[in-house]
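Counting starts at 1 for both ligands and their atoms, in listed order. Numbers here simply count residues along the sequence, with the first being 1.
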Amino acid sequence: MQEILTALEQRHDLPDEALCALLETDAMDGALFQAADRIRRERYGTEVFVRGLIEFTNYCRNDCYYCGIRRSNGKVQRYRLSREDILACCTEGYALGFRTFVLQGGEDAYFTEQRVCEIVSEIRERFPDCAITLSIGEWEKSSYAAFFRAGANRYLLRHETADLVHYRRLHPGAMSPEHRKRCLFDLKEIGYQVGSGFMVGSPFQTTAHLCADLRFLQELKPDMIGIGPYLTHGDTPFRTQPNGSLELTLRLIAVLRLMFPYALIPATTALGTIHPQGREMGLKAGANVVMPNLSPVSVRKLYSLYADKICTGEESAQCRSCLERRVAAAGYAIVTDIGDVRRN
Ligand code: SAH
């Protein structure tokens, strides 16, 4: 096993069999996290980048079986932020030192291509020194291009699972894994910095699926890779499924850092939800991004992708300073620059 780890650290790749073996044992975790931290410090030092997350709508036309804001969940109180609300979040975030805004939401028909473009243009005009990231699901390439022209420069779209059969077990027939992958390559072609990723421990997931996820990411070469444990939501068809595991998520963060030394890897909110120190552990296993919530407190609880989500009661400034402390306690330091990927 030690040879496997050494090979991964030196070559940033492993054959399938060794990769699967590494994912299936906890024997190497200590050494694995140390190796990931070494590689991360070589490229990024102790820097941790912040992205201000604005969850601007929980309406969604999709019906993903795992997601709490799926269309068929009649128990969610739906909301959408106005253009003014969104701009106010950015203004507050800018004052707190954020230089990246992530607009995330369900696939909400109200936010047409034109409306999204208007919002993006206005943010671009008011905050010319900031990165604008969209995370609003699947669109035609022409729409992605229009958002880009309006001023968006990054896009987050997790592939969720690279295995076609597994994808179909997590999503209704109207959603296509081929289309989701197509979207990711379209986004790259347009010139976006792209983030992808997957849930760890989603129902029916096997080690072979995880291996396929890593291979897909090698093909896509995204700038950012977001992973977090699958967390069960009580009002979804997966209500009886168990949560994903903290340990496996951390192991995968470390493997991602070793396979993709350049990548921006967030310590996600889902990781902080499954364990009170989850995000700190994620940073120590190779993550280098945190995404504090900038949404108005009045809507935070309503963006409930999964149960018991953290940070739903605090003002943005509190979220920011809480993370600042946590990152420092883990031995790293938040930086407020735009935080572009370092490919070399
Ligand atoms: N509508 C956008 C944003 C989705 S929410 C899109 O389709 O890209 C962002 C991410 O949350 C999803 O990509 C998914 O990986 C994750 N997520 C959704 N439900 C979850 C759950 N129950 N547990 C953990 N992560 C979840």
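Around CG of D337, the count of heavy atoms belonging to other residues, nucleotides or ligands within 6.0 Å exceeds 12.
Counting heavy atoms from C-beta on, the side chains of R326 and Q277 come closer than 4.5 Å. In this structure the side chain of R78 reaches within 4.5 angstrom of the side chain of N73, judged on heavy atoms.
A distance-only check finds no donor-acceptor pair linking the side chain of S135 to the backbone of L103 [under 3.5 Å].
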Show the short N or O contacts, below 3.5 Å, that ligand 1 makes with protein N or O atoms; if there are none, say 'none'.
unit_1, atom_1, unit_2, atom_2, d
ligand 1, 1 (N), G105, O, 2.9
ligand 1, 7 (O), R180, NH2, 3.3
ligand 1, 8 (O), R180, NH2, 3.1
ligand 1, 13 (O), E160, OE2, 2.5
ligand 1, 15 (O), R158, NH1, 2.9
ligand 1, 15 (O), E160, OE1, 2.7
ligand 1, 15 (O), E160, OE2, 3.4
ligand 1, 22 (N), Y66, O, 2.9
ligand 1, 22 (N), L231, O, 2.8
ligand 1, 22 (N), L305, O, 3.4
ligand 1, 23 (N), L231, N, 3.0
ligand 1, 23 (N), L231, O, 3.4

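For the residue pair T100/R154, the side-chain donor-acceptor check at 3.5 Å is satisfied.
For the pair R239 and D235, the salt-bridge criterion is not met [side-chain N within less than 4.0 Å of a carboxylate O].
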